Trainee: 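This is the structure, below, for whatever I ask next.
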Amino acid sequence: MKIATFNVNSINARLPRILEWFDKAKPDVAVLQEIKCVDEKFPAGEFEDRGYNVEVHGQKTYNGVALLSKHPVDDVVRGLPFLDDGSDKDDEQARYIEALVMPDAAAPVRVGGLYLPNGNPAPGPKYDYKLEWMKRLKKRAEKLLADEEAFVLAGDYNVIPQAEDVHDPAAWWGDALYRQETLDAFREIVNLGLTDAIRQADPAGILYTFWDYQRGAWEKDHGIRIDHLLMSPQAADRFKSAGVDRAERGKEKPSDHVPVWVELA
DNA sequence: ATGGTCGCCGAGCGA
């Protein structure tokens, strides 16, 4: 059971790259971020032709997330809940989608796809929104953990977890992606009992997932690791492997992020 | 070098 996350930076601008990657990587479930379109503009047919169920939480111009699954899905949640009753009416930004994925052979897995706010400039109102969003994500993780299910929270976290995850830690320190309040909020979520799939596979490797379009960041390997898959204990017990499809960044008209994936039993 | 590059959409914002 392969679960992948990919910030595509516009689904329609990236469609040839994405379909090529789907045909090769063959994920069972993929969550996409920054689709940058409303639901009606999402090219659902291209994925349905490949056997995927398509769930979209879109928005005009910015943000937007989607969840694609080869297996049946249930309990689809659009928007990160503000309250325990699941209401999300106050969040105007489309940054979260979740569903229960039910394979025939394997046990079900709940998958949350998230696009955590960038938060720059920090400090400021955008950074306040990021920290508020992280508190809400922690609440969601707490609620899901109480159910004792296998789940994976996957997406663009816009968090650099540690110095090994950035080419120049000193230059980045203080940025909304790499400053004390961000790391504290991220650790609060992880320390509920979640496992970083990439660090499970490779505790010390340099495994960047994003390279800026500017300043020749890709050519100089000036990357950061900000796309993560966090597993619940029940999912972590089923861990087989995980990886970063780094080569995607070197192709024609690439996203600035690359796909990251985990394989569960 | 106080820029550089994308994608949205059709100016300037967000990343």
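Each chain gets a letter, A, B and so on, in the order the sequences are listed, and its residues count up from 1. Quick caveat, the model's predicted, so the values are computed rather than measured.
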Trainee: Which residues satisfy the side chain to side chain contact (heavy atoms under 4.5 Å, CB included) test with A/Asn191, sequence neighbours excluded?
Mentor: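 With neighbours one apart ignored, the set is A/Arg187.
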Trainee: Could you check whether A/Arg136 makes a cation-pi contact with A/Phe82, meaning its NZ or CZ is under 6.0 Å from the centre of the six-membered ring and within 45° of the ring axis?
Mentor: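 A/Arg136 over A/Phe82 ring: yes.
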Trainee: Which nucleotide wins on minimum distance to the side chain of A/Gln214, given the candidates B/dC9, B/dG7, B/dA15?
Mentor: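 Among B/dC9, B/dG7, B/dA15, the one nearest the side chain of A/Gln214 is B/dA15.
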Trainee: Can you tell me if A/Asn9 uses its side chain to pair, donor with acceptor, with the backbone of A/Asp256 under 3.5 Å?
Mentor: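 Not a single qualifying donor-acceptor pair exists.
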Trainee: Counting only pairs under 3.5 Å, give me each side-chain donor-acceptor contact of residues 145-155 of chain A, with atom names and distances, residues two or more places apart or in other chains.
Mentor:
| unit_1 | atom_1 | unit_2 | atom_2 | d |
| --- | --- | --- | --- | --- |
| A/Glu149 | OE1 | A/Arg110 | NE | 2.8 |
| A/Glu149 | OE2 | A/Arg110 | NH2 | 3.4 |

Trainee: Just how far, in rounded Å, is P of B/dG7 from NZ of A/Lys253?
Mentor: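 In whole Å, B/dG7 P and A/Lys253 NZ are 4 Å from each other.
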Trainee: Taking only heavy atoms on the protein side, list every residue of residues 171-180 of chain A lying under 4.0 Å from any atom of DNA chain B, sorted numerically.
Mentor: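 Within this stretch, nothing sits under 4.0 Å of the strand.
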Trainee: In whole angstrom, give the distance that lies between atom CG of A/Asn63 and atom P of B/dG7.
Mentor: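 A/Asn63 atom CG is separated from B/dG7 atom P by 17 Å.
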Trainee: Can you list the steps and then say if A/Arg225 with A/Asp196 is a salt bridge (Lys or Arg N to Asp or Glu O under 4.0 Å)?
Mentor: CA-CA 12 Å; A/Arg225 189 175 76 95; A/Asp196 178 334; 3.1 Å; yes
Trainee: With a cut-off of less than 4.0 Å, is there a side-chain N or O of A/Arg14 near OP1 or OP2 of B/dG7?
Mentor: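 Checking A/Arg14 against B/dG7: at least one side-chain N or O falls below 4.0 Å of OP1 or OP2.
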Trainee: Whole angstroms only, please: what is the CD-P distance between A/Gln93 and B/dC13?
Mentor: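 Taking atom P of B/dC13 as the reference, CD of A/Gln93 is at 16 Å.
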Trainee: In whole Å, what separates the P atom of B/dT2 from that of B/dG7?
Mentor: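 Straight-line distance between the two P atoms is 25 Å.
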Trainee: Of the options A/Tyr157, A/Phe186, A/Trp172, A/Trp173, which is the one that meets A/Tyr178 in a ring-ring contact (aromatic ring centres under 6.0 Å, His included)?
Mentor: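 Of A/Tyr157, A/Phe186, A/Trp172, A/Trp173, ring-ring contact (aromatic ring centres under 6.0 Å, His included) with A/Tyr178 is met by A/Trp173 alone.
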Trainee: Side-chain N or O of A/Lys60 versus OP1/OP2 of B/dC8: is the shortest distance under 4.0 Å?
Mentor: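 No.
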Trainee: Determine the Euclidean distance between corresponding C1' atoms of B/dC9 and B/dG14; express it in Å to zero decimal places.
Mentor: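 Result for the C1' pair: 13 Å, nearest Å.
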Trainee: Could you state the atom-to-atom distance from CD of A/Glu92 to P of B/dG14 in whole Å?
Mentor: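 Roughly 14 Å, once rounded to whole Å.
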Trainee: Should the heavy atoms of other residues, nucleotides or ligands under 6.0 Å from NZ of A/Lys41 be counted, would the total exceed 12?
Mentor: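 No, NZ of A/Lys41 has 12 or fewer neighbouring heavy atoms, counting only those of other groups under 6.0 Å.
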Trainee: Does A/Lys126 or A/Ile11 map to a spot on DNA chain B nearer the 5' end, using the closest nucleotide for each?
Mentor: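 Its nearest nucleotide lies further toward 5', so the answer is A/Ile11.
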Trainee: Write down the distance separating the P atoms in B/dG4 and B/dC13, rounded off to the nearest Å.
Mentor: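 Per the computed distance, 16 Å lies between those P atoms.
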Trainee: Could you tell me the separation between the CZ atom of A/Arg215 and the C1' atom of B/dG3, rounded to a whole number of Å?
Mentor: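 Checked: the CZ to C1' distance equals 9 Å.
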Trainee: Let me know, please, whether A/Lys41 or A/Gly119 comes out on the 5' side of the other along DNA chain B by nearest nucleotide.
Mentor: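 Closest to the 5' end, via its nearest nucleotide, is A/Lys41.
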Trainee: Nearest whole angstrom, please: distance from the C1' of B/dC8 to the CG of A/Asp256.
Mentor: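 Rounded to the whole Å, the gap is 14 Å.
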Trainee: Roughly how many Å is it from CG in A/Asp212 to P in B/dG14, rounded to a whole number?
Mentor: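 About 16 Å, once rounded to whole Å.
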Trainee: Using a cut-off of 4.0 Å on non-hydrogen atoms, how would the nucleic acid contact of A/Phe210 be classed: base, sugar-phosphate, or nothing?
Mentor: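 Nothing: the residue A/Phe210, judged by heavy atoms under 4.0 Å, touches no strand.
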Trainee: For the pair made of NE2 in A/His257 and P in B/dA15, what is the distance, rounded to whole Å?
Mentor: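 Distance check: A/His257 NE2 to B/dA15 P gives 10 Å.
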